[in-house]
Protein chains: 2
Amino acid sequence: MATIKDIALKTGLSPTTVSRVINNHPYVDKTKRKKVLEAMEELSYVPNSSARRLRGQRTNTIAVIISRIVNPFFSHLVDAMGEIATEEGYQLVLCDSRLEKKRELQHLELLKTKQVDGVILASLQNKWEDIEPYTRYGPVISCNEYDSKAQMPSILCDQKQGGYMAVKHLIERGHTKIACAGGALRIELTRDRYRGYEEAMMEADLPVQEEFVFSSSYGIEDGKEVFRRIYAMENRPTAIFAGGDEVAAGIISEAKKMKFRIPEDLAVVGFDNQPIAELIDPGITTIDQPMKYMGTRAMQVMLDMVANNREVTYTREILPLELVIREST
Amino acid sequence: MATIKDIALKTGLSPTTVSRVINNHPYVDKTKRKKVLEAMEELSYVPNSSARRLRGQRTNTIAVIISRIVNPFFSHLVDAMGEIATEEGYQLVLCDSRLEKKRELQHLELLKTKQVDGVILASLQNKWEDIEPYTRYGPVISCNEYDSKAQMPSILCDQKQGGYMAVKHLIERGHTKIACAGGALRIELTRDRYRGYEEAMMEADLPVQEEFVFSSSYGIEDGKEVFRRIYAMENRPTAIFAGGDEVAAGIISEAKKMKFRIPEDLAVVGFDNQPIAELIDPGITTIDQPMKYMGTRAMQVMLDMVANNREVTYTREILPLELVIREST
DNA sequence: CTGAAAGCGCTTACAG
DNA sequence: CTGAAAGCGCTTACAG
């Protein structure tokens with residue numbers, strides 16, 4: 001592998017000058033520049049990034065932490081982030097926490113060991129007090145998930161409003177026994193949706209029944225399981241608000257298998273507005289999240305910080321959510 | 001940020017000894033080791049990866065090139081790869097080519113510039129002759145897609161068999177006018193599926209009609225478009241073999257909208273056995289691909305090569321495909 | 001068991 | 001416009 005030294009030797013110039021050519025500095029004699037360029041071509045020289053990283057103290061790499069890449073919500077988010085990153089000449093390291101605190105922390109170590117310039121937390125398994133120590137090693141921002149105690153830039157949606165809209169819609173459809181199946185309750189995003197649910201119920205003077213609250217539901221299988229538990233109940237809910245379209249799809253799928261009519265026997269609201277929400281039969285009424293915008297915006301904010309060495313200041317961008325009505329309600 | 005030098009200074013030992021402790025070398029005096037460990041703790045020392053990369057000429061990072069992360073097939077593949085990578089202490093750089101040759105080549109540059117130790121091509125937009133030059137910079141293997149001219153390790157499925165099985169199944173169901181909607185025909189994987197289609201047709205003495213062959217179909221929207229074109233035909237096919245469950249789902253969705261009965265008016269076979277194949281109504285008959293195994297195996301092969309500096313030898317692992325019958329046929 | 005020295009490949013202030 | 005020198009932070013032969 002040719003190095004700068006080889007080019008210098010071949011051209012009879014100094015490594016300094018070669019470096020200047022590589023980095024497009026002005027003030028290099030045109031003839032010499034050409035000579036260097038030719039030598040680079042001939043020896044098929046390519047600058048060694050490890051050396052550049054060490055010297056420049058930058059990696060041009062951003063880590064994004066998600067909790068489950070097979071969730072279409074996250075793959076769309078990552079897709080949008082990757083597009084911006086590539087455009088700006090950055091690499092994206094994909095870090096899957098698989099909902100585990102330990103893995104999330106392991107991934108944050110990348111910042112400590114200078115393997116990445118910044119970390120975007122699209123999922124947040126740990127408390128702020130456990131994340132905070134990492135922020136002294138580089139910019140950390142959150143996107144999608146958040147922690148109200150956190151002093152970091154965050155791009156997020158108004159999840160409480162989302163929960164409220166979803167449940168209010170069900171109430172307007174005449175339901176009074178409404179269940180709720182979200183993620184783990186230790187997650188603030190989940191709790192906020194739940195608060196929206198409670199608020200809508202209270203506003204309508206409806207009781208929140210503990211046995212109607214399911215937690216830690218994420219995938220299709222979880223949705224099926226939720227339905228099975230509902231099915232086994234004496235006193236069943238007539239509607240359910242799910243914390244994701246995958247869960248909603250699982251509920252609907254299992255319900256249909258048991259000859260339930262949707263929405264007559266069970267109305268279902270999902271979350272995210274994933275492609276599946278439109279494809280499944282009946283189409284899923286859901287809360288649309290601006291995945292593409294969130295991913296794009298988060299990456300822009302991150303790159304602005306690392307490229308311009310901008311101070312990390314605490315800011316929040318809160319995006320509105322939207323109800324999309326289909327046939328499941 | 002504390003460096004090895006700081007630890008050396010603080011403990012009165014040499015950087016060499018400190019390095020030995022960090023790297024768990026034997027033959028370090030127990031008292032001194034303890035002293036170093038304490039100093040590291042106190043100064044919250046973390047080794048700088050850029051320096052290690054430069055010195056060690058390794059990055060502990062693998063790039064995986066896919067063509068569309070929002071395709072569940074790829075997100076499942078990447079998920080499996082990431083699990084192994086994390087387990088072995090490697091990072092995964094996600095590279096999306098968006099079906100573009102240029103982007104794929106740009107991502108391969110990562111190998112040249114020593115940003116990654118190896119590249120897994122899960123998608124293959126370029127011809128082998130354009131990929132080959134990169135192989136001198138480090139191991140390149142393919143997983144899922146392949147090129148019969150390529151001299152690189154490949155984990156792949158017998159796509160021709162897949163196409164054959166799918167179409168034979170449709171023929172057995174009594175169909176004679178069978179369409180086909182795959183990816184771009186410049187892709188060998190797509191051509192092989194098409195060959196399987198042709199073989200099954202010929203075997204049954206059925207003509208392959210040019211207007212029944214749709215190409216460059218990938219997502220749900222493409223599937224809808226394919227159906228619209230079928231719908232507009234004078235002489236319509238009665239069955240279609242799609243090159244992915246997303247395309248199949250799009251076809252079915254649009255067909256239902258136009259009051260087509262599936263499979264009576266149009267039978268549909270998909271590919272991959274994605275979660276959606278089971279959720280949609282009717283369930284999609286499809287060809288199951290061992291996504292998890294492929295991803296796992298590809299990463300294992302790659303890590304074996306980089307970790308043990310194994311020579312890159314040309315090997316192919318060809319996995320069988322399986323027909324999963326549901327209600328769409 | 002330990003350390004001085006060299007070097008991985010680059011870039012950048014400094015001096016000219 | 002150009003180059004000698006220093007240094008980013010680490011590891012590893014080599015010598016003891």
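On a predicted model such as this, the values are computed, not experimentally measured, just so you know. Here is the naming used below: chain letters follow the sequence lines, and residue numbers restart at 1 for every chain.
- Here the P atom of nucleotide D:dG7 and the CD1 atom of B:Ile4 are 18 Å apart, to the nearest Å.
- Side-chain nitrogen and oxygen atoms of A:Gln57 include none within less than 4.0 Å of the OP1 or OP2 phosphate oxygen of C:dT11.
- Here the nucleotide nearest the side chain of A:Ser14, chosen from D:dC10, C:dA4, D:dG3, is D:dG3.
- Along DNA chain C, the nucleotide closest to B:Gly12 and the one closest to A:Ala51 are compared, and the more 5′ of them pairs with B:Gly12.
- The CD1-P distance, from A:Ile7 to D:dT2, rounds to 17 Å in whole Å.
- Put simply, the side chain of B:Asn23 never gets that close to the backbone of B:Arg20: no donor and acceptor are under 3.5 Å apart.
- Taking only side-chain nitrogens and oxygens, A:Lys5 never comes nearer than 4.0 Å to OP1 or OP2 of C:dG9.
- Nucleotides C:dA6 and C:dT2 have their P atoms positioned 23 Å apart, rounded to a whole Å.
- Here the P atom of nucleotide D:dG9 and the NZ atom of A:Lys114 are 9 Å apart, to the nearest Å.
- Here C:dT12 is the nucleotide among D:dT2, C:dT2, C:dT12 with the atom lying nearest to any side-chain atom of A:Arg55.
- One N or O on the side chain of A:Asn308 and one on the backbone of A:Asp304 form a donor-acceptor pair closer than 3.5 Å.
- For the segment residues 36-43 of chain A, no residue has any heavy atom less than 4.0 angstrom from an atom of DNA chain C.
- Looking only at atom types and distance, the side chain of B:Ser148 has a donor-acceptor partner in the side chain of B:Glu188 under 3.5 Å away.
- Residue B:Arg20 places a side-chain atom within donor-acceptor reach of the base of C:dG3, judged by atom type and a 3.5 Å distance cut-off alone.
- The backbone N or O of B:Ala8 sits less than 3.5 Å from a side-chain atom of B:Thr11, completing a donor-acceptor pair.
- D:dT11 and D:dA15: their P atoms are spaced 22 Å apart (whole Å).
- As rounded to whole Å, 17 Å separates atom C1' of D:dT2 from atom NZ of A:Lys30.
- Side chain of A:Thr17, nearest nucleotide from D:dT2, C:dG3, D:dC10: D:dT2.
- A:His25 places its NE2 atom 15 Å from the P atom of D:dG3, with the value rounded to the nearest Å.
- Listed for the A:Ser14 side chain is a donor-acceptor partner under 3.5 Å among the backbone atoms of A:Thr17.
- Heavy atoms only, all atoms of each residue included: B:Pro139 and B:Met302 are closest at O-CE, 3.6 Å.
- Residue B:Lys32 has a polar side-chain atom (N or O) positioned under 4.0 Å from OP1 or OP2 of C:dT2.
- Using a 4.0 Å heavy-atom cutoff across all strands shown, B:Pro47 reaches sugar-phosphate atoms only and no base atom.
- Proximity of A:Asn23 to the phosphate of C:dT11: a side-chain N or O atom is located under 4.0 Å from OP1 or OP2.
- Regarding B:Arg33, its CZ atom lies at a distance of 9 Å from the P atom of C:dC1, rounded to whole Å.
- Residue B:Thr16 places no side-chain N or O under 4.0 Å from the OP1 or OP2 atom of C:dG3.
- Going from atom OH of B:Tyr27 over to atom P of D:dT11 covers 20 Å, rounded to whole Å.
- With C:dG3, C:dC10, D:dC10 as the candidates, the nucleotide lying closest to the side chain of A:Asn48 is C:dC10.
- Judged by distance alone, with hydrogens and angles left aside, the side-chain atoms of B:Asp96 form a donor-acceptor pair with the main-chain N or O of B:Ile69 at under 3.5 Å.
- Looking at A:Ser19 and A:Thr16, their side chains never bring a donor and an acceptor atom within 3.5 Å of each other.
- Remark: C:dA4 base-pairs with no nucleotide in the shown strands. Criterion, Watson-Crick or G-U wobble with two distances under 3.5 Å.
- Out of C:dT11, C:dG3, D:dG3, the shortest distance to the side chain of A:Ser19 is found at C:dT11.
- Rounded to the nearest 0.5 angstrom, B:Arg58 CZ and B:Leu54 CG are separated by 14.5 Å.
- Among the nucleotides C:dT2, D:dC10, C:dT11, the one closest to any side-chain atom of B:Val28 is C:dT2.
- At whole-Å resolution of the value, CZ in A:Arg58 and P in C:dT12 are 11 Å apart.
- When both distances must be under 3.5 Å, the Watson-Crick or G-U wobble mate of C:dA13 does not exist.
- Between B:Tyr45 and D:dC10 there is a side-chain polar atom (N or O) within less than 4.0 angstrom of OP1 or OP2.
- In the interface, the side chain of B:Arg53 is not paired with the base of D:dG9 through any donor and acceptor atom under 3.5 Å apart.
- Listed nucleotides C:dG9, C:dC10, C:dG3 differ in distance to A:Leu54; the shortest reach to its side chain belongs to C:dG9.
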